Amino acid sequence: MSCSTMKHLSSSALAAALAFSPSASAGLINTNMISRAANSSCAALELAGLKNIYYTGNDIYENRTHSYFSVSAQLEPYCIIQPTSAEEVAQIVTTLAQDTTRNFAIRSGGHTVWPGASNIENGVTIDLGLMNKTTFVPETKVAQVQAGSRWREVYGALEPYGVTVTGGRTSTVGVAGFLTGGGNTFYAGRRGFGCDNVINYEVVIASGQIVNANATENPDLFRALKGGSANFGIVTRFDMQAFDAPELWGGLVTYPKSTTPQHIAAYVNWTNNIVNYQDGSAITFWTYDPTAKDVIITAAYEDTTGTVAAPAFDEFMAIPDQTSSTMRIDTHRNLTIELELTSGYRNVWYAITFENDVRLVTKALDLHRQFVDDWKAQSPDGDFICHGILQAIPTIFSEHSVEKGGNMLGLDRETDNAIMFQVQLMVNGVEQEQLGRERMVAFREAVKQYSIDLGGGVDWEYLNYADFTQDPLSTYGEKNIDHIREVATKFDPTGVFQTRMPGGFKISKVA
Ligand SMILES: Cc1cc2nc3c(=O)[nH]c(=O)nc-3n(C[C@H](O)[C@H](O)[C@H](O)COP(=O)(O)OP(=O)(O)OC[C@H]3O[C@@H](n4cnc5c(N)ncnc54)[C@H](O)[C@@H]3O)c2cc1C
Ligand SMILES: *[C@@H]1O[C@H](CO)[C@@H](O)[C@H](O)[C@H]1NC(C)=O
Ligand SMILES: *[C@@H]1O[C@H](CO)[C@@H](O)[C@H](O)[C@H]1NC(C)=O
Ligand SMILES: *[C@@H]1O[C@H](CO)[C@@H](O)[C@H](O)[C@H]1NC(C)=O
Ligand SMILES: *[C@@H]1O[C@H](CO)[C@@H](O)[C@H](O)[C@H]1NC(C)=O
Ligand SMILES: *[C@@H]1O[C@H](CO)[C@@H](O)[C@H](O)[C@H]1NC(C)=O
Ligand SMILES: *[C@@H]1O[C@H](CO)[C@@H](O)[C@H](O)[C@H]1NC(C)=O
């Protein structure tokens, strides 16, 4: 009997037993479920003695599936497994790596909006949701953050110590995707990207070994993980350098769209001034939403020292016709809860970057207005949201990155301040998502081309906001691409994380 026949026989025998095992909870057995349970991947995990394996129809399976931010990402894996320790993650990787048909996905906060980044059809989803503890070490001010945590849990655990870390600006974002992809934070002007503040990673590599990566142990992997995404292994813990943090001054201010020109002028000046005022953050949103049925402007302003209305905000504060304001002194955690976005839609996002130039921002927002008008005209239910968002990417961010040892983003190649323009389209139904993607690609290309035509093009495309039709790793510079490739090959010579865990942006797909 050949080896593969044997596997087949033993797995179907096991499947028959499993269909009646306690894990297939009573009353929920149906043929769909049996065939899923029959898949050798889940069977092998059960056989290995692993716990917390859930199949479709189970409450935990359904709830975890619905907890992905974007409906587009709510796929149906054969089973979801929730490990509780690095050792269990290692055992899962070892078990799944044994057989080349056992594909899998890894999920932390589940906030990547496109299908298949952190979830999978025809495979197993490893869900780190139970690994969500943050331990603070006061002597070294290090926050040991388990990889399935969401930022609100991290900030909540650190608040009693009067410290915080460079995490997400929205409370439900997961730490692992955010930190392995870079991480734009309220503190970037002072401390660089989220990943620049990680001092040690605990990682399960393809062999099933649990290794540390830091400045002295596996330093090549350490650097690669700072922006190189899911190409090397499964991170199980991030050790971050925490810092004393007073409450912040921050909140949301809304304005009518008629103030667009003033916002553009103020934002361009703001971006150039970050080098002189590193404690602030400003994100400005042009948003169509179905309640307002119009575009309104919302700005999120923060001062991370708690200074009220520092002079750097003067130009923003002088913009007339504010319609609401929640500016106040509050905790980091609370300000990220306020910045929660609406979930429950299918999402198509993109982000590109161009030089900090009024003409380029004006054009991008003109095209956003045009996109919204066209979308409204064809939307069958009128129920959609479309954000056009400005985020400053001044050179001081990457100067801080370099000071802290460097990362994979490649922004240190840029000599001019830039703006990241991000668009988020939220719709209902597969057809609208499909049409949305076609139009978003055209929108993106039009903005990009305009910036190139005016001599203000910037290569960099941020992985954490990129659509799957983008190729962000290819924009990180040859040196970094080579480093990511070398480290991926060194720690994963058979390419488990390139082929068997197909989700996310893979270095093997970069030309
Ligand atoms: C509402 C919202 C707000 C956001 N706000 C910000 C923001 O303020 N700043 C910012 O920079 N970005 C922000 N983002 C983008 C965010 O950083 C990315 O979506 C990021 O990938 C989310 O991380 P996650 O763990 O939730 O994602 P997931 O979808 O769970 O994972 C993302 C990727 O990382 C991989 N991955 C997950 N866990 C691991 C692991 N343990 N080891 C290795 N790889 C792993 C996954 O396979 C996947 O490819 C926001 C996104 C949303 C939806
Ligand atoms: C399990 O899934 C893999 C990957 O799709 C597939 O090749 C294999 O045939 C499945 N096994 C069973 C027993 O269904
Ligand atoms: C799943 O979600 C439902 C609805 O929110 C809730 O009532 C139920 O307790 C949840 N079940 C589990 C196992 O988390
Ligand atoms: C971790 O997740 C569990 C299960 O979802 C939840 O009950 C718990 O509150 C979370 N822990 C923290 C620190 O938030
Ligand atoms: C780096 O890894 C080594 C080996 O595991 C460990 O002893 C050391 O404490 C780590 N350094 C940091 C800063 O975590
Ligand atoms: C914004 O910048 C422009 C050009 O650099 C300058 O002329 C203008 O005074 C600035 N506005 C404010 C309010 O600082
Ligand atoms: C943070 O939000 C919680 C819940 O709304 C509130 O009770 C608390 O007072 C807030 N913290 C501050 C400092 O305002």
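Both ligands and their constituent atoms are indexed starting at 1 by order of listing. Computation of the quantities below employed the complete heavy-atom set of this structure, encompassing side-chain atoms and omitting hydrogens, waters and symmetry-equivalent molecules. All values derive from a computational prediction rather than experimental measurement.
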**Item:** Chi angles and distances behind the side chain to side chain contact (heavy atoms under 4.5 Å, CB included) call for Gln144, Thr134
**Value:** CA-CA 6 Å; Gln144 301 177 329; Thr134 294; over 6 Å; no
**Asked** Which atom names give the shortest non-hydrogen contact between Tyr267 and Leu390, and what distance separates them?
**Response**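 That would be OH-O, 3.2 Å.
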**Prompt:** Honestly, is Arg191 close enough over Phe243, meaning NZ or CZ under 6.0 Å from the six-membered ring centre and within 45° of the axis?
**Reply:**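 Here Arg191 passes the 6.0 Å and 45° test against Phe243.
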**Message:** By the definition side-chain hydrogen bond (donor to acceptor under 3.5 Å, both in side chains), identify the one residue from His387, Gln424, His368 that meets it with Thr287.
**Reply:**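 Among the candidates, only His387 passes.
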**Item:** Identified side-chain hydrogen bond (donor to acceptor under 3.5 Å, both in side chains) counterpart of Glu76 within the set Asn122, Thr56, Thr125
**Value:**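 Among Asn122, Thr56, Thr125, the one that satisfies the side-chain hydrogen bond (donor to acceptor under 3.5 Å, both in side chains) with Glu76 is Thr56.
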**Prompt:** Can you list the steps and then say if Phe497 with Phe232 is a ring pair (Phe, Tyr, Trp, His ring centres under 6.0 Å)?
**Reply:** CA-CA 6 Å; Phe497 293 101; Phe232 319 103; 9.1 Å; no
**Request:** Please confirm whether Trp249 and Tyr301 have ring centers closer than 6.0 angstrom.
**Result:**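 Between Trp249 and Tyr301, the centre distance exceeds or equals 6.0 Å.
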**Request:** In sequence, state the C-alpha distance, the side-chain angles, and the governing distance for Tyr350 and Tyr465, and then conclude on ring pair (Phe, Tyr, Trp, His ring centres under 6.0 Å).
**Result:** CA-CA 6 Å; Tyr350 79 74; Tyr465 292 139; over 10 Å; no
**Item:** Contact residues of ligand 1 (heavy atom under 4.0 Å), by chain and number
**Value:**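 Residue list for ligand 1: Phe69, Ile106, Arg107, Ser108, Gly109, Gly110, His111, Thr112, Ala117, Ser118, Leu128, Ala147, Arg169, Thr170, Val173, Gly174, Ala176, Gly177, Phe178, Gly183, Asn184, Ala230, Gly233, Ile234, Val235, Leu341, Trp349, Tyr462, Asn464, Tyr465, Gly504.
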**Item:** ring pair (Phe, Tyr, Trp, His ring centres under 6.0 Å) evaluation trace for Tyr61 with Tyr55
**Value:** CA-CA 6 Å; Tyr61 180 104; Tyr55 300 91; 7.9 Å; no
**Message:** I'd like the residue list for ligand 3, meaning every protein residue with a non-hydrogen atom under 4.0 Å from the ligand.
**Reply:**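 Answer by chain and number: Asp59, Ile60, Asn63.
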